[in-house]
Amino acid sequence: MSRKSLIISISVVVIIFVFFMVKDIFNQPGIQDMKAGFKEVVKYRNANNTGPVQRIYIVTVNDSIWKEMEDYGNLMPHTKYGNTKVYFFHQNADVPQTLLPGDVNFDSRYNKSCIALYEKSAMSQVAFNKYPF
């Protein structure tokens, strides 16, 4: 095999490799590929950019696919030393329209409608609880 044909062969292999890498980057599964029908109703993020960032989301689903709910939570933004919470409700349930910072994030009358809670703590530890209240 001549040096020129070897260089061409290596170039073709590199181009094919790069093509598949780029294809995989743009074909990552996302929220739109999930079957549970996620809809973000309300979100809260504190304005504190120098300390812990607290993110809270209320999300409705049309089907309680537990694994997808946990995957959805994993896709949500998280800040190092911050806290992210995602509360899941059935789409026809009574859901909170406002959120509060701190440990209690909405009026307790909505507790019975909450079907799951995903939480990523300040140390990036994940907890997923079915029927947390």
Show the atom names and distances, to 0.1 Å, of all donor-acceptor pairs under 3.5 Å that link a side chain in residues 97-106 to residues at least two apart or in another chain.
residue: Gln97; atom: NE2; partner: Val95; partner atom: O; Å: 3.4
residue: Asn105; atom: OD1; partner: Lys85; partner atom: NZ; Å: 3.0
residue: Asn105; atom: OD1; partner: Tyr87; partner atom: OH; Å: 2.5
residue: Asn105; atom: ND2; partner: Leu100; partner atom: O; Å: 2.8
residue: Asn105; atom: ND2; partner: Gly102; partner atom: O; Å: 2.9

Name the atoms and distances for all side-chain donor-acceptor pairs under 3.5 Å in residues 125-133, with sequence neighbours left out.
none

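Sorted by first and then second residue, the pairs that involve residues 74-83 and meet side chain to side chain donor-acceptor pair (under 3.5 Å), not counting sequence neighbours, are Arg55-Thr79, Asn74-Tyr118, His78-Thr84, Asn83-Glu119.
In plain terms, the two heavy atoms of Val59 and Phe38 that are nearest each other are CG1-CD2, 3.8 Å. Closest of all the heavy-atom pairs between Thr60 and His90 is CG2-O, 4.1 Å.
Hydrophobic cluster membership is shared by Leu117 and Tyr110, with clusters built from Ile, Leu, Val, Met, Phe, Trp and Tyr side chains linked at under 4.5 angstrom. Using a 4.5 Å cut-off between side-chain heavy atoms of Ile, Leu, Val, Met, Phe, Trp and Tyr, with links allowed through other members, Ile7 and Ile15 fall into different hydrophobic clusters. Note: the hydrophobic cluster containing Val86 does not contain Tyr44 (ILVMFWY, side chain heavy atoms under 4.5 Å, direct or indirect links).
Considering only heavy atoms from C-beta on, Met69 comes within 4.5 Å of Ile115 through its side chain.
For the atom pair Glu40 CD and Tyr72 OH, the distance stands at 5.0 Å (nearest 0.5 Å).
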